[in-house]
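Input: a single structure, listed below in structure tokens.
Within every chain, numbering begins at 1; the chains are lettered A, B, ... in the order of the sequence lines, protein sequences first and strands thereafter. Note: hydrogens, waters and symmetry copies are ignored here, and every other heavy atom, side chains too, is used. The model shown is predicted, which means the values in this text are computed figures rather than measured ones.
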There are 2 protein chains.
Amino acid sequence: MNNACSQHAHPHRLVQQPLTELTDRLRASSRKVTGQRQAILDVLRRHASPLTNRQIHDALGKADCDLATIYRNMHTLTEMGLVKRFDFGDGSARFELVTDESNHHHHHLVCNRCAIIVEVEDCFPPEYETELARRHGFASVSHRLEFFGLCPRCQKEPAAEPPPPGNAAPASTGATPVLPQQQKRGRKPAKVAP
Amino acid sequence: MNNACSQHAHPHRLVQQPLTELTDRLRASSRKVTGQRQAILDVLRRHASPLTNRQIHDALGKADCDLATIYRNMHTLTEMGLVKRFDFGDGSARFELVTDESNHHHHHLVCNRCAIIVEVEDCFPPEYETELARRHGFASVSHRLEFFGLCPRCQKEPAAEPPPPGNAAPASTGATPVLPQQQKRGRKPAKVAP
DNA sequence: CAAGTCCTGCAATCGGTTTGCAGTCCCGTC
DNA sequence: GACGGGACTGCAAACCGATTGCAGGACTTG
């Protein structure tokens with residue numbers, strides 16, 4: 001019993017809906033319908049905004065599915081077109097379930113302070129892209145577009161953390177805004193002599 | 001002599017132009033005009049498209065400036081508005097010098113195969129963003145927009161590597177395209193018993 | 001030119017991601 | 001329903017971009 005889900009009696013408990021489409025598409029490509037895959041999709045189904053691998057891992061219960069398995073499956077599912085991958089530039093990929101409703105072209109508006117994510121419809125007309133491709137001789141042109149700003153709640157917030165001047169995107173020149181990252185990296189402090 | 005640049009007799013050789021603006025702006029914020037900073041800006045000045053920290057390091061000659069110093073300085077220079085940070089989603093940040101000519105709002109068109117970068121002017125009208133901000137109650141809204149496709153040269157190429165189906169961005173749904181990454185990660189193979 | 005800061009190189013470390021390996025599970029077949 | 005092979009998983013090692021403590025060196029100011 002190495003398959004983590006099987007450490008629990010009923011890994012399939014996590015699945016709430018019939019997954020006929022998943023089943024069909026997996027089998028069609030000679031892949032297998034595992035409890036982990038169903039559970040991952042189920043987590044995504046319950047969340048409106050895109051999740052990181054770690055968030056999926058946490059939501060699943062860490063014992064139910066190894067993080068590496070999630071990484072591997074997000075690749076597979078992205079390849080199969082069951083999920084979409086987004087990147088908000090904070091260092092971790094995010095994934096969103098592809099459903100009939102979400103399959104349309106859309107982007108996101110992300111709060112620079114609290115990282116809340118709002119789905120938005122706004123985009124330029126597709127002719128722009130066609131023309132761009134033609135002008136530069138590129139083929140199969142796609143784009144990535146994300147919006148960043150300060151959400152209503154964070155605007156009222158009395159600036160818990162001092163507003164980093166870099167985040168405000170002083171002049172919109174197309175440069176990449178920076179999401180909040182309160183990480184502790186680097187070397188640990190040396191131990192003091194006793 | 002720990003300052004790497006000074007291991008060479010004339011680190012300042014790398015500097016080709018007077019850097020009065022850099023000097024003024026650095027001193028104005030009680031920072032220092034170091035050979036490394038001048039050299040970094042000089043590298044950026046000689047390159048049209050955005051460079052990664054590693055590319056800057058390579059261009060400088062690895063002995064001339066430590067990679068960590070480059071990371072630190074790119075932060076500083078970005079904060080000061082002397083360079084702009086871009087992110088094409090391939091896992092490493094890229095930096096472009098802010099000059100009078102490049103200070104205008106612009107984006108990039110990146111080849112999914114060879115990663116060549118073309119600067120493009122195309123963007124939606126600013127009213128879009130204003131309206132978006134108003135509708136969702138967000139403030140200081142900015143955006144990140146990059147285009148991906150297959151450059152003219154790579155279209156003719158007889159597909160040296162089998163064209164990864166994922167990269168073609170099959171239907172443009174706003175999802176993040178994936179840049180080529182031929183990395184070797186993960187665990188090393190176990191040594192076979194002799 | 002001396003003192004105070006700011007910076008740098010070095011190396012350790014972090015978070016995100018990938019991968020080899022061996023054991024497990026899924027599923028078509030008998 | 002048992003069987004077998006290929007797909008998949010957990011585990012842990014390893015990789016990568018990036019960050020940071022520390023001690024010594026470089027810039028500035030006076």
Side-chain angles (χ1 to χ4, degrees), chain A residues 1-7 11-12 23 26-40 52-57 60 62-77 85 87 89-95 178 181-192, chain B residues 1-7 11-12 23 26-40 52-57 60 62-77 85 87 89-95 178 181-192:
Chain A
M1 272 212 193
N2 202 0
N3 207 330
C5 269
S6 50
Q7 291 172 3
H12 295 234
T23 303
L26 280 173
R27 298 221 172 111
S29 53
S30 78
R31 297 188 220 255
K32 302 191 170 170
V33 182
T34 67
Q36 288 86 337
R37 279 180 183 159
Q38 298 178 66
I40 289 171
T52 64
N53 287 293
R54 184 165 300 276
Q55 288 173 324
I56 295 171
H57 191 218
L60 273 179
K62 318 211 179 200
D64 285 328
C65 186
D66 191 79
L67 191 51
T69 297
I70 295 180
Y71 275 98
R72 274 189 280 234
N73 273 323
M74 296 326 287
H75 269 228
T76 304
L77 296 173
R85 181 182 189 277
D87 183 344
D90 63 342
S92 41
R94 283 157 203 266
F95 298 90
V178 177
Q181 282 183 313
Q182 57 281 2
Q183 314 172 352
K184 270 276 184 67
R185 291 201 201 169
R187 181 169 164 176
K188 277 181 186 166
K191 48 187 165 189
V192 204
Chain B
M1 272 217 191
N2 203 359
N3 208 328
C5 269
S6 48
Q7 290 173 4
H12 295 234
T23 303
L26 280 173
R27 298 220 172 112
S29 53
S30 76
R31 297 187 219 255
K32 300 189 173 172
V33 181
T34 67
Q36 288 87 338
R37 281 178 182 160
Q38 298 178 64
I40 289 171
T52 64
N53 287 292
R54 184 165 302 277
Q55 287 172 325
I56 295 171
H57 191 220
L60 272 179
K62 318 212 179 199
D64 284 330
C65 186
D66 190 80
L67 192 51
T69 297
I70 295 180
Y71 275 98
R72 274 189 280 233
N73 274 323
M74 295 328 286
H75 269 231
T76 304
L77 296 173
R85 183 183 187 277
D87 184 344
D90 63 341
S92 39
R94 283 156 204 267
F95 299 89
V178 177
Q181 281 184 314
Q182 57 280 1
Q183 313 172 352
K184 271 276 183 66
R185 291 202 201 167
R187 181 168 164 176
K188 276 180 187 167
K191 47 187 165 190
V192 204

What's the closest nucleotide to the [X] side chain, out of [options]?
{"X": "Arg27(B)", "options": "dT29(D), dC11(D), dT9(D)", "result": "dT29(D)"}
{"X": "Arg54(B)", "options": "dG17(D), dG10(D), dG9(C)", "result": "dG17(D)"}
{"X": "Val33(A)", "options": "dG16(C), dG10(D), dC27(C)", "result": "dC27(C)"}

Write down the protein N/O and nucleotide N/O pairs, taken from nucleotides 3-5 of chain D, whose separation is under 3.5 Å; answer none if there are no such pairs.
unit_1 : atom_1 : unit_2   : atom_2 : d
dG5(D) : N2     : Lys32(A) : NZ     : 3.3

Return the value, rounded to whole Å, for the distance between atom [atom1] of [X] and atom [atom2] of [N].
{"X": "Arg37(B)", "N": "dA26(D)", "atom1": "CZ", "atom2": "C1'", "value": "12 Å"}
{"X": "Gln38(B)", "N": "dA26(D)", "atom1": "CD", "atom2": "P", "value": "15 Å"}
{"X": "His75(B)", "N": "dT20(D)", "atom1": "NE2", "atom2": "C1'", "value": "11 Å"}
{"X": "Ile70(B)", "N": "dT19(D)", "atom1": "CD1", "atom2": "C1'", "value": "15 Å"}
{"X": "Leu26(B)", "N": "dA26(D)", "atom1": "CG", "atom2": "P", "value": "18 Å"}
{"X": "Asp66(B)", "N": "dG24(D)", "atom1": "CG", "atom2": "C1'", "value": "14 Å"}
{"X": "Leu60(B)", "N": "dT8(C)", "atom1": "CG", "atom2": "P", "value": "12 Å"}
{"X": "Leu67(A)", "N": "dC14(C)", "atom1": "CG", "atom2": "C1'", "value": "15 Å"}

What heavy-atom pair brings Lys32(B) and Leu26(B) nearest, and what distance separates the two atoms?
-> O-CD1, 3.6 Å

Which heavy-atom pair separates Cys65(B) from Ile70(B) by the least distance, and what is that distance?
-> SG-CG1, 3.8 Å

Going by the side-chain contact (heavy atoms from CB on, under 4.5 Å) test, name the single residue among Ile40(A), Leu67(A), Asp66(A) that passes it with His57(A).
-> Leu67(A)

How is Ser30(B) classified with respect to the nucleic acid when contacts are heavy atoms under 4.0 Å: base, sugar-phosphate, or nothing?
-> sugar-phosphate

Phosphate contact ([N] OP1 or OP2) by [X] side-chain N/O below 4.0 Å:
{"X": "Asn53(B)", "N": "dA18(D)", "value": "yes"}
{"X": "Thr34(A)", "N": "dT9(D)", "value": "yes"}
{"X": "Arg31(A)", "N": "dC8(D)", "value": "no"}
{"X": "Gln36(B)", "N": "dA26(D)", "value": "no"}
{"X": "Tyr71(A)", "N": "dT18(C)", "value": "no"}

Go through the structure and list residues passing salt bridge (charged side-chain N to carboxylate O under 4.0 Å, His left out) with [X], not counting sequence neighbours.
{"X": "Arg31(B)", "value": "Glu79(B)"}
{"X": "Arg37(A)", "value": "none"}
{"X": "Arg27(A)", "value": "none"}

Angle, rounded to 10°, between the helical axes spanning five pairs at each terminus of the helix from dC1(C)-dG30(D) to dC30(C)-dG1(D)?
-> 30°

Approximate separation, where rounding is to 0.5 Å, of Ile56(B) CD1 and Thr69(B) OG1 | 12.5 Å

Any side-chain heavy atom of Phe95(B) sitting closer than 4.5 Å to one from Leu77(B)?
-> no

Given DNA chain D, 5'-ward residue of the pair Arg72(B) and Asn73(A), judged by closest heavy atom | Asn73(A)

For Thr52(A), side-chain contact (heavy atoms from CB on, under 4.5 Å) partners two or more places apart = Arg54(A), Gln55(A), Ser92(A), Arg94(A)

